[in-house]
4 protein chains.
Amino acid sequence: MQPSSPARPVGRGAKVRAAVHAAALAELVDKGYAALTVESVAQRAGVHKTTVYRRWKDRESLLTDALAEHMATDVPVPDTGSIETDLRALARSLVQAYTSPTGQAVLAAMFTGLPEAAAARRHVFDDRLVRAEPVVTRAVGRGELPADTDPGEVLKTLAAPIYLRLLVTADPVDESTADRAVHVTLAAARAGACGPAR
Amino acid sequence: MQPSSPARPVGRGAKVRAAVHAAALAELVDKGYAALTVESVAQRAGVHKTTVYRRWKDRESLLTDALAEHMATDVPVPDTGSIETDLRALARSLVQAYTSPTGQAVLAAMFTGLPEAAAARRHVFDDRLVRAEPVVTRAVGRGELPADTDPGEVLKTLAAPIYLRLLVTADPVDESTADRAVHVTLAAARAGACGPAR
Amino acid sequence: MQPSSPARPVGRGAKVRAAVHAAALAELVDKGYAALTVESVAQRAGVHKTTVYRRWKDRESLLTDALAEHMATDVPVPDTGSIETDLRALARSLVQAYTSPTGQAVLAAMFTGLPEAAAARRHVFDDRLVRAEPVVTRAVGRGELPADTDPGEVLKTLAAPIYLRLLVTADPVDESTADRAVHVTLAAARAGACGPAR
Amino acid sequence: MQPSSPARPVGRGAKVRAAVHAAALAELVDKGYAALTVESVAQRAGVHKTTVYRRWKDRESLLTDALAEHMATDVPVPDTGSIETDLRALARSLVQAYTSPTGQAVLAAMFTGLPEAAAARRHVFDDRLVRAEPVVTRAVGRGELPADTDPGEVLKTLAAPIYLRLLVTADPVDESTADRAVHVTLAAARAGACGPAR
DNA sequence: AGCTAAGCGAGACGGTACGTCACGTCTTAGG
DNA sequence: CCTAAGACGTGACGTACCGTCTCGCTTAGCT
């Protein structure tokens, strides 16, 4: 009569979930976003199609969920004592994240223009941004940057050229791209261009 | 009405082409990229589906073609005599292009992650870049920027934060966004951060 | 109550069995044969789906079992001393059995063309036939019908037009239908048409 | 030639229709009503599933349509000059129609208890009834049967025992069944039991 | 009265078929 | 000649129900 155990024993559901996530990402890398079938994901995960639909409403939500989970991996926030090396580390880790084959596929998948993905996108980026803000705050504390510097602006200035190359121009992206972004960002921030809006 | 000139290749094909293009863009704005049907485009254009397929290989090429045509509208390149006002004009025109409802739809359509769109994307951006380069060149000539400044880098630095906001974070984009981009870009360029790679 | 034949302690299984039977019939009346779900029957019986499958092999056997149980209700065999009134009573009770809403549903369910149901059908009908035969035998004894009259034939002749209307034509079936069947049957039987095959 | 707008040139649609009908009946004979798949019918007809769904709303309407078409074959109405031989011919043709393997399958399919089939059933039976009525009318004219005989009642009396055996008891049905039905019917009709209701 | 084993609730799962949608191809008429 | 009209093969979609399975809880029935 009474619910003896309030929590439901999830059983092996978690295992299925993980397997499907992994399969989805693998299929993403192999075939790309558009040519990705629920059935092939299910098969790759050793699971039946209907089981997938039991947990995810449709293809979209499966994909966004898998991507969100994938992006949730913690990114280390550097603290070298110098804003330049800190920014360099951030920029390079961003470059690395998206230049692997998997990264490319994930990137392509996240930017499909679908409104569903937009929220996930924004959330992922915001999360990383917030976590990295201390880098700038510390630099301001050390007097490396003007007092009224907006940490978010600095980090967006750092990321912007990298994303531009990844998403718009298809220029090759490597460490020199990261380094150049650092220089631009530092020059702008030191000149006070990352202060409050005017 | 008109005496049909012998061996006229055009026929009324051009009219059909334009009608389909317009219909495609209209559907894009109304329903978005994913929920866009060849049949509905054809119907909206007052044309039969098969006619569309006669002229375009598939949905993809129809869309990219329509978008390419849409983006081909000439963007005026400013020449105010000052790099700051020139850049501001460029940045603001970019912002305007993408903040209208149509612009939003076009933007979303161009960034669908599909490889077919990538080429179109790159081409459009490169084209605009090349046309805008004189702005920077002239500034260098006037001594406003260092002699070894790379015009492309300057313009990418200008565009990057705007695209970042449009595509990644969903921050509101308006004239102040454009102005801030100008400040960042100028600070960086003057500091020599847009010179050749080091 | 009853001696458990397989030497099995019945437990409360009997209660479940009855509840499911009732629920099955109720669902049959509400939704019809085709749109009847094991799960909905189980829910209506306040029992879990698995429990149903523990007792019945599949949907089919549940339904046929429930129907068989339902039909097992004893039909009183009349003995008025006259073959005409006896047959009338039989015919009218048949009509009554199938003109109630429940009767209609049961009828529809029993004639689904499925081979599984065929056996049940046949069994139910044969059973009733055998139990009613004394009616004819007694009439023969009283000299109301020829000596070589086949009781089964008489009763089938009686039932046939009623079933025809129920199953084939959708003519309304009421007491006058029963009475007409009696007249036909008596005329035929008295003329010796229900004797042995020739 | 043809008015282009109102009449649509069916093209080869008719051929598809026939092929699917034939395939449906064949599958019916092979696998029975319940285990009949739209996909297997389509495949057997050398046609794709969606094509079937383009012409028929669902499995049900496909089946009923195919059966209706199948039953539309004209049944010859005998006219031997004697009611007995006429009825015998009718009864035997009925028996023959349902004792072939195909007939069995069709019979089973027509009596699935589904309400959709009910209308078709009724229509088919009524049609045959009306066409056969002259047999009785002529006999009345010849003075073989009472003047107030209801032709429909006679024919239903004839058909009823055959359908009873086919649908309810699973007794074997052959020519002797038909002959017996004739005797019963004649005896009843001559005795005036097929007159107007009393 | 306690221990064991069956019965049951709960629900995930593999599986089959359903009916739908859009794509891109093809054939037939017609202006 | 190009177009309108529309049937078709194709493949994936998302849904519904089937019948199976495993897990604990409850409870019955023997000792």
Side-chain angles (χ1 to χ4, degrees), chain A residues 1-5 8-17 34-40 42-43 46-60, chain B residues 8-9 11-13 16 34-40 42 46-60 62, chain C residues 8-13 15-16 34-40 42-43 46-60 62, chain D residues 1-2 4-5 7-17 34-40 42 46-60:
Chain A
M1 294 296 175
Q2 304 102 319
S4 47
S5 57
R8 54 165 74 146
V10 187
R12 88 179 216 245
K15 228 180 295 184
V16 167
R17 199 182 139 89
L36 182 153
T37 292
V38 172
E39 195 134 15
S40 59
Q43 206 164 335
V47 147
H48 203 268
K49 188 177 73 157
T50 40
T51 297
V52 174
Y53 280 111
R54 268 181 208 114
R55 295 181 178 280
W56 293 274
K57 196 182 139 289
D58 54 17
R59 216 188 67 135
E60 281 307 310
Chain B
R8 205 75 210 268
R12 86 186 218 235
V16 167
L36 182 154
T37 291
V38 172
E39 194 133 15
S40 60
V47 148
H48 200 266
K49 192 176 71 158
T50 28
T51 298
V52 174
Y53 279 110
R54 252 190 293 278
R55 294 179 182 282
W56 293 274
K57 193 181 142 288
D58 54 17
R59 212 188 72 137
E60 280 308 310
L62 165 59
Chain C
R8 257 281 172 88
V10 183
R12 86 182 219 242
K15 229 181 295 184
V16 168
L36 182 153
T37 292
V38 172
E39 196 134 14
S40 61
Q43 204 165 336
V47 148
H48 200 266
K49 189 176 72 158
T50 333
T51 299
V52 174
Y53 279 110
R54 271 184 205 111
R55 296 182 177 281
W56 292 275
K57 194 182 141 288
D58 54 17
R59 212 188 72 136
E60 280 308 310
L62 165 59
Chain D
M1 275 187 211
Q2 293 261 108
S4 52
S5 22
R8 53 174 64 155
V10 187
R12 87 180 216 242
K15 229 180 295 185
V16 167
R17 198 181 140 88
L36 182 155
T37 291
V38 172
E39 195 135 14
S40 61
V47 147
H48 201 268
K49 190 176 72 157
T50 39
T51 296
V52 174
Y53 280 110
R54 272 180 202 116
R55 294 179 180 282
W56 292 274
K57 197 182 137 287
D58 54 16
R59 214 189 70 136
E60 280 308 309

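Each chain gets a letter, A, B and so on, in the order the sequences are listed, and its residues count up from 1.
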K.L.:
In whole angstroms, how far is the P atom of dC13(E) from the CZ atom of Arg17(A)?
P.N.:
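These atoms are roughly 12 Å apart.
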
K.L.:
Mind checking side chain to side chain contact (heavy atoms under 4.5 Å, CB included) for Ser40(B) and listing every partner two or more places apart, or none if nothing turns up?
P.N.:
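Counting only residues at least two positions away or on another chain, Ser40(B) forms a side chain to side chain contact (heavy atoms under 4.5 Å, CB included) with Glu27(B), Lys31(B), Thr37(B).
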
K.L.:
Could you tell me how far apart Lys15(A) (NZ) and dT22(F) (P) are, to the nearest whole angstrom?
P.N.:
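To the nearest whole Å, that distance equals 14 Å.
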
K.L.:
Whole-Å distance between dA12(E) P and Arg55(A) CZ?
P.N.:
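From Arg55(A) CZ to dA12(E) P: 7 Å.
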
K.L.:
Decide yes or no for His48(C) and Tyr53(C): does some side-chain heavy atom of the first lie under 4.5 Å from some side-chain heavy atom of the second?
P.N.:
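No, every pair of side-chain atoms sits at 4.5 Å or beyond.
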
K.L.:
Would you give a per-nucleotide map of nucleotides 17-22 of chain E, 5' to 3', where B means the base has a protein non-hydrogen atom under 4.0 Å away, S means only the sugar-phosphate does, and - means neither?
P.N.:
SSBBBB

K.L.:
Tell me whether Arg55(C) contacts the main-chain N or O of Leu62(C) through its side chain, where contact means a donor paired with an acceptor under 3.5 Å.
P.N.:
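No, because the side chain of Arg55(C) does not come within donor-acceptor range (under 3.5 Å) of the backbone of Leu62(C).
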
K.L.:
Tell me, please, which residues at least two apart from Glu60(C) pass side-chain hydrogen bond (donor to acceptor under 3.5 Å, both in side chains).
P.N.:
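Glu60(C) satisfies side-chain hydrogen bond (donor to acceptor under 3.5 Å, both in side chains) with Tyr33(C) once adjacent residues are dropped.
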
K.L.:
Is it the case that the side chain of Arg54(D) and the backbone of Lys49(D) share a donor-acceptor pair, with hydrogens and angles ignored and the cut-off at 3.5 Å?
P.N.:
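No; zero donor-acceptor contacts below 3.5 Å.
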
K.L.:
Please report, rounded to the nearest Å, how far the C1' atom of dG31(E) is from the NE2 atom of His48(B).
P.N.:
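To the nearest whole Å, that distance equals 16 Å.
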
K.L.:
Kindly compute the distance separating CZ (Arg17(D)) from OG1 (Thr51(D)), expressed to the nearest 0.5 Å.
P.N.:
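So the gap between those two atoms works out to 14.5 Å.
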
